[in-house]
Amino acid sequence: MAKWLVKTEPSECSIDDFENAKDQTIPWDGVRNYQARNFLQEMAEGDDVLVYHSSCKHIGVAGIVRVVTSAYPDPTQFREDSPYYDPKSTPEKPRWQAVDMAFEKKLPRLIPLDEIKSLPGLDGLALIRRGNRLSVMPVTEEQWRIILANA
DNA sequence: GCCAACGTTGGC
DNA sequence: GCCAACGTTGGC
């Protein structure tokens, strides 16, 4: 099973939204960056994902969700009324992918970004590379262990 | 609200 | 295919 980290603005979709949805799944859509999309495509059912809250008061890793589908064409790219509409996408040649995710758990406490930055052994993690804007990224077993050991 | 860093776009 | 202009991300 691969492991991942996704960024989200909690005002859009937070770990609490997942928890409140409980048995339902939430589509992870609206990703409009090719590198991030490629990672979405690599995701498989059963993969674990760290949920990172960005652009908010308490920035950091807030919980874990699970991938419950493989990637499929992101329906929002075809909807003209969606902020994620992409006129260059067609159902025959979709540009963007989505996966469905389900709540796994909320961490006992949020692990703040500055704490993650201070942990040794995370130099390779895209999240803390300077100027990084990637919203979907792989996490190695080692990085996963280091981050969660701090929860 | 600021602004550095980055990705994308489009003219040439 | 280059690169300047522009828009967006995201921490501070």
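Every value quoted in this text rests on a predicted model; they were computed, and no experiment measured them.
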Without hydrogens or angle criteria, can the side chains of A:Trp28 and A:Asp100 be said to hold a donor-acceptor pair below 3.5 Å?
no

With a 4.0 Å cut-off on heavy atoms, is A:Lys117 in touch with a base, just the backbone sugar-phosphate, or nothing at all?
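A:Lys117: backbone/sugar contact only, no base atoms under 4.0 Å.
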
Any carboxylate oxygen within less than 4.0 angstrom of a Lys/Arg side-chain nitrogen, looking at A:Asp74 and A:Arg95?
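Looking at A:Arg95 together with A:Asp74, the answer is no, because their closest N to O distance does not fall below 4.0 Å.
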
If we ignore hydrogens and angles and just use 3.5 Å, is the side chain of A:Gln97 paired with the main-chain N or O of A:Arg37 as donor and acceptor?
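The answer is no, because no donor-acceptor pair under 3.5 Å joins these two groups.
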
Contacts table for residues 101-110 of chain A: side-chain donor-acceptor under 3.5 angstrom, sequence neighbours left out:
unit_1: A:Glu104; atom_1: OE1; unit_2: A:Arg66; atom_2: NE; d: 3.2
unit_1: A:Glu104; atom_1: OE1; unit_2: A:Arg66; atom_2: NH2; d: 3.4
unit_1: A:Lys106; atom_1: NZ; unit_2: A:Asp16; atom_2: OD1; d: 2.7
unit_1: A:Arg109; atom_1: NH1; unit_2: A:Glu115; atom_2: OE1; d: 3.4
unit_1: A:Arg109; atom_1: NH2; unit_2: A:Glu115; atom_2: OE2; d: 2.5
unit_1: A:Arg109; atom_1: NH2; unit_2: A:Asn150; atom_2: O; d: 2.7

Quick one: hydrophobic cluster around A:Phe78, which other residues, with the 4.5 Å side-chain cut-off, linked directly or via members?
none

Nucleotide range of DNA chain C contacted by chain A, 5' to 3', under 4.0 Å to a heavy atom?
C:dG7 to C:dC12

